[in-house]
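The structure appears below as structure tokens.
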Amino acid sequence: MMQAADDRLRDEVRLLGGLLGEVIRDEGGQDLYDRIEAVRQASVAYHRDAGSQDASRLEALLAELSLDQAVGLAHGFAAFSLLANVAEDRAGKRRAKDQSAAGARADTPEGALERLKAAGRSREDAKALLDEALISPVLTAHPSEVRRKSVIDRITAVSDLLDACDREGDACSPEVLNDRLRRQATILWTTRLVRQTGLVVQDEIDTVVSFLERIFLKVAPAQLADWRRRLDAPDLAPFIRIGAWVGGDRDGNPNVDAAALKAAFATAARAVLRFYLDEVNTLGAELSLSGSLATVSPELAALAQGSGDASPHRADEPYRRALSQIYARLSATHLRLTGRPAPRPAPFEAAPYDGPQAFRADLAVLHDSLVANHGRVFADDSLAGLIAAVDVFGFHMATLDMRQNSDVHARVVADLLKVAGVCDDYEALDEAARLSLLEAELASTRPLFNPYAEYQSETLKERAILEAAARALTDFGPQAIRTHVVSKTDAASDLLEVYLLLREVGLYRPGAPEACPIQAVPLFETIDDLRAARSTLDRLLQAPSALAVAKARGVQEVMIGYSDSNKDGSYLTSTWELHEASRALLEVTDKAGLRLQLFHGRGGAVGRGGGSSFSAVLAQPEGTVAGRIRVTEQGEVIANKYGEPEVARRNLDALTCGVLLASLAPPPDADLTRRHGSTLARLSTASMSAYRALVYETEGFVDYFRAATPIAEIADLKIGSRPASRTSSTAIEDLRAIPWVFSWSQSRVMLPGWFGFGSAIAGEDMDELQAMARDWPFFRTLIQNMEMVMAKADMTLARRYASLVPDRALADRVYGALLQEWERTHAAVLAITRQDRLLGGQPELDRLIRLRMPYVEPLNHVQIELIRRRRNGDDDPRVREGILLALNGVAAGLRNSG
């Protein structure tokens with residue numbers, strides 16, 4: 001079975017690659033095609049033996065390329081990578097179906113429920129948990145998605161054609177399929193793969209909303225309905241809540257302001273209300289039941305009677321008359337919330353809905369009448385699906401988080417206090433004095449803001465966006481905004497500042513703090529902040545204001561950051577400190593009589609928390625999930641995990657299954673932490689020491705990093721609306737974590753995902769480490785993720801990137817240190833896993849990575865050649881274009897690069 005699956009995957013890669021090759025020959029010419037093939041073969045030879053005579057041909061081939069040829073090569077190999085991804089994704093779907101047929105996997109609903117049963121847990125236990133659960137993938141605009149939407153659309157079209165052929169079976173004509181695929185390959189080849197202009201916030205809003213509209217609007221309600229059926233729980237509350245950051249995350253992004261927040265809500269509302277209007281219109285066409293032939297409930301009769309629909313054709317059709325009224329009210333709601341008329345106007349005027357619950361109540365009147373008078377055939381139909389969609393999405397579609405840096409809050413509060421004459425220099429106060437002042441202000445009803453006074457522009461901007469948030473909550477309801485995340489949290493005062501600012505716009509009321517609709521959420525990012533998380537949260541919950549907000553919800557949310565903690569101290573140290581901080585935070589919330597809700601700031605790359613979400617949830621410390629988890633989804637991960645309905649459904653179910661199992665049948669993490677915690681703490685210390693010795697203490701390392709990776713060129717890749725660095729500084733500390741990880745991925749070192757581990761375990765008891773990998777999900781997941789990222793690394797290619805460093809002595813010294821640690825870590829991972837090669841225990845993943853590397857490696861070589869030309873003074877725009885194409889193709893090929 002596995003061999004047949006591998007053969008089919010290879011056949012599809014050959015089919016798509018062959019068709020693209022024909023297109024390149026016809027559109028780009030035989031010479032370009034021949035050069036692409038020559039570079040591919042030379043790249044394979046280089047990978048096999050970098051010192052061989054055949055491999056040395058590569059340098060000559062690249063050096064003699066004209067600019068047009070180099071750009072053509074980059075374009076061609078990038079397109080090959082994109083098409084290989086289609087074949088790989090389809091293989092993943094087939095594999096999931098085969099595994100499901102062979103026996104339920106734990107990350108499927110059937111498998112999770114079976115495992116719960118084996119653990120002595122009932123379906124009633126699962127229902128009770130999900131009824132109170134919050135499982136929230138949060139879509140962010142963090143920039144690591146390099147593909148244009150036009151390119152994603154073409155890839156989707158290719159996948160759809162192959163899927164349709166699968167459904168048709170023998171009726172699928174190979175000739176017709178090839179013609180249709182060739183058409184798509186031609187469009188892909190002649191489509192720009194990289195953006196020529198930078199993104200603005202509205203572009204990011206549109207991208208996120210397109211996923212919400214195309215995928216989540218259909219998948220999330222269907223998933224909820226399926227779980228309701230499985231658990232025989234028709235009233236099961238929605239547990240999947242989609243979140244978003246775009247339009248509310250202004251940390252380091254000066255382009256996010258009040259207008260952006262308003263645009264985010266208006267864009268989402270247009271999409272969700274258009275969906276509701278279409279669904280109501282379809283129901284109106286369908287529910288032609290006559291009042292003379294069908295009994296209706298008194299509530300339905302009243303709804304129909306109150307309709308403004310005066311058409312004689314519908315005089316005896318109460319369901320249609322009720323739906324006409326619902327449509328008219330929705331149409332008016334569309335105008336109120338978006339500022340634009342509905343695409344298909346209502347035939348008569350009606351008052352807009354106050355909120356989604358009123359809309360849902362009208363739909364429920366129809367549904368209850370149908371079920372009561374005609375039975376269960378109407379219990380789980382399209383109307384029920386629409387009600388489920390309203391339960392999940394309301395009028396806001398996705399819950400928008402707000403986020404800002406604590407330094408900004410401190411400056412804004414200082415400005416307000418100074419102008420009000422309360423404190424001349426708030427920022428000069430120590431923590432105790434700040435807390436005392438803030439608690440006094442939060443108990444006071446006197447506002448600080450004076451509309452006639454002068455303030456810093458930053459203060460006015462922050463006030464405006466909070467006023468826009470208050471308006472959004474009025475328009476869209478309490479699910480519209482639930483949290484305000486505070487980046488760089490290192491003190492309790494950082495959170496109380498948020499409540500003071502919310503007071504200024506009427507969202508926090510001193511007499512009723514429990515009614516505050518927005519909770520201030522600390523984000524602990526650096527190693528030091530994670531270590532201080534316990535004391536920071538403990539002090540926060542001693543403040544009456546923060547405690548009242550948390551008690552009203554029963555939950556205190558805390559966000560933990562994978563990216564900066566990794567950049568700060570290595571993958572091993574980051575992972576361990578996150579584990580320990582989670583356990584410490586749980587102790588604090590338990591003591592306060594609250595539930596802990598962790599928000600995991602994960603990215604696509606392993607160095608930023610990437611890897612299997614299901615495994616990651618199961619690897620969380622015991623008790624820290626308890627039915628509630630939020631996880632960021634960003635960059636290329638959004639398209640990879642939620643790019644098509646079937647894949648999105650599988651990922652939402654896997655996340656749900658992980659939460660169920662981690663909450664109701666958790667592995668014995670606490671016992672294993674007690675048994676092996678001291679060992680891992682020692683390894684973490686050693687790993688961080690080795691990592692910081694290289695990254696922060698090696699003379700010239702910053703120069704090496706900026707020369708041996710395409711960090712400078714990444715700034716030209718138009719993939720986000722915010723800058724790569726927080727400041728103009730060139731220091732590693734000030735570089736954002738995404739370009740840090742992205743640069744090392746492009747240069748194939750993958751340093752953030754493994755460096756320091758080999759040094760850490762030198763001289764350790766291998767028997768204990770092997771037992772930890774076997775028995776402890778936390779450590780096993782850590783090792784598996786490290787294996788994956790190391791399998792995508794290539795130190796031979798990294799040596800070629802090192803040749804871009806002008807100082808040869810520096811290049812040799814730093815590359816030598818990288819290679820030595822690589823060899824140590826490689827040997828350590830094999831020893832722990834008792835394998836003879838990386839991914840020996842994950843053969844499917846190993847085959848997929850090996851399959852795609854022949855298309856990725858030539859892109860690295862072309863990228864190096866063009867970077868060298870650019871840095872040597874060739875400022876031809878085509879050089880830049882070729883570099884960006886190569887960056888695009890490598891990222892698409894590696895898939896979880898940022």
Side-chain angles (χ1 to χ4, degrees), residues 247-251 254 256-262 265 400-427 429 433-476 478 480-489 491-522 540 543-550 552:
D249 175 18
R250 56 211 188 274
D251 178 22
V256 176
D257 54 15
L261 185 139
K262 293 174 185 175
F265 277 109
L400 186 69
D401 286 356
M402 305 185 77
R403 184 173 77 137
Q404 183 56 284
N405 193 288
S406 62
D407 290 342
V408 175
H409 294 147
R411 290 194 296 267
V412 170
V413 167
D415 194 23
L416 290 170
L417 292 170
K418 183 176 182 178
V419 172
V422 176
C423 180
D424 285 340
D425 193 353
Y426 169 79
E427 291 185 276
L429 300 179
R434 286 191 183 193
L435 287 171
S436 177
L437 189 157
L438 291 168
E439 289 177 10
E441 284 296 323
L442 286 168
S444 169
T445 58
R446 169 188 46 76
L448 294 172
F449 185 77
N450 179 352
Y452 304 104
E454 292 187 4
Y455 295 94
Q456 298 295 321
S457 59
E458 183 177 57
T459 301
L460 297 175
K461 180 181 178 182
E462 285 296 300
R463 178 177 173 79
I465 199 168
L466 291 176
E467 287 179 323
R471 178 64 186 174
L473 286 163
T474 299
D475 289 341
F476 295 96
I481 304 173
R482 299 283 290 166
T483 59
H484 191 303
V485 178
V486 182
S487 302
K488 199 182 171 186
T489 295
S493 61
D494 296 334
L495 287 306
L496 296 189
E497 289 165 359
V498 172
Y499 289 124
L500 182 60
L501 296 175
L502 292 175
R503 189 200 68 174
E504 291 297 298
V505 296
L507 291 176
Y508 177 94
R509 301 199 306 275
E514 68 281 354
C516 184
I518 297 177
Q519 184 173 68
V521 172
L540 174 70
S545 51
L547 184 61
V549 174

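Along the sequence shown, residues are numbered consecutively beginning with 1.
Each of Leu501, Val498, Leu502 was compared with Tyr508 under the side chain to side chain contact (heavy atoms under 4.5 Å, CB included) criterion, and only Leu502 meets it. Residue Tyr426 forms a side chain to side chain contact (heavy atoms under 4.5 Å, CB included) with just one option from Asp415, Leu438, Leu416, and that option is Leu438. Applying side chain to side chain donor-acceptor pair (under 3.5 Å) to Ser487 and the options Asp407, Asp494, Asp251 leaves one that passes, Asp251.
A pairwise comparison of heavy atoms in Ala433 and Leu429 identifies CB-CB, 3.9 Å as the closest pair. When all heavy atoms of Val505 and Ala470 are compared, the closest pair comes out as O-CB, 4.1 Å. For the pair Lys262 and Ala468, the tightest heavy-atom approach, listed with the atom from each and the gap, is CE-CB, 4.0 Å. Summarising the geometry of Ala464 relative to Ala258, their closest heavy-atom pair is O-CB, 3.6 Å, with the distance given to 0.1 Å. Closest of all the heavy-atom pairs between Ser406 and Glu497 is O-OE1, 4.0 Å. Residue Ala550 comes nearest to Gln519 through the heavy atom pair CA-NE2, 3.6 Å, listed as atom of the first residue, atom of the second, then distance.
In this structure, the side chains of Leu442 and Leu500 come closer than 4.5 Å at one or more pairs of heavy atoms. Using a 4.5 Å cut-off on side-chain heavy atoms (C-beta onward), Ile481 and Pro517 make no contact. Using a 4.5 Å cut-off on side-chain heavy atoms (C-beta onward), Leu507 and Leu466 make no contact. Counting heavy atoms from C-beta on, the side chains of Leu473 and Ile518 come closer than 4.5 Å.
Atom OG1 of Thr483 is separated from atom CZ of Arg403 by 11.0 Å, given to the nearest 0.5 angstrom. Rounded to the nearest 0.5 angstrom, Arg482 CZ and Leu400 CG are separated by 13.5 Å. Expressed to the nearest 0.5 Å, how far OH of Tyr499 lies from CD of Glu439 amounts to 12.5 Å. With values rounded to the nearest 0.5 angstrom, Glu441 atom CD is found 12.0 Å from Ser545 atom OG. Atom OG1 in Thr489 sits 9.0 Å away from atom CG in Leu540 (nearest 0.5 Å). To the nearest 0.5 Å, the span separating CD on Gln456 from CZ on Arg411 amounts to 10.0 Å.
Under the salt bridge (Lys or Arg N to Asp or Glu O under 4.0 Å) criterion, Glu467 pairs with Arg463, not counting sequence neighbours. Scored by the side-chain hydrogen bond (donor to acceptor under 3.5 Å, both in side chains) test, Glu462 finds Arg250, Gln404 as partners (sequence neighbours excluded).
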### Message
With side-chain contact (heavy atoms from CB on, under 4.5 Å) as the criterion, how do Asp257 and Ile465 come out once you've worked through the C-alpha distance, each side chain's angles and the decisive distance to 0.1 Å?
### Response
CA-CA 6 Å; Asp257 54 15; Ile465 199 168; 5.5 Å; no
### Task
Please step through side-chain contact (heavy atoms from CB on, under 4.5 Å) for the pair Arg503 and Leu448, ending with a clear verdict.
CA-CA 9 Å; Arg503 189 200 68 174; Leu448 294 172; 3.5 Å; yes
### Task
May I have the step-by-step check of side-chain contact (heavy atoms from CB on, under 4.5 Å) for Leu435 and Leu496, ending in yes or no?
CA-CA 8 Å; Leu435 287 171; Leu496 296 189; 3.6 Å; yes
### Message
Does Leu437 form a side-chain contact (heavy atoms from CB on, under 4.5 Å) with Leu417? I'd like the steps, not just the answer.
### Response
CA-CA 10 Å; Leu437 189 157; Leu417 292 170; 3.6 Å; yes
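More than 12 heavy atoms of other residues, nucleotides or ligands shown are found within 6.0 angstrom of NZ on Lys461.
In this pair, Phe449 and Tyr455 present their aromatic rings parallel. The plane angle is below 30°, not in the 30 to 60° band.
Remark: Glu427 does not engage Arg434 in a salt bridge, criterion side-chain N to carboxylate O under 4.0 Å.
Of the possible donor and acceptor atoms, one in the side chain of Ser444 sits under 3.5 Å from a partner among the backbone N and O of Arg446.
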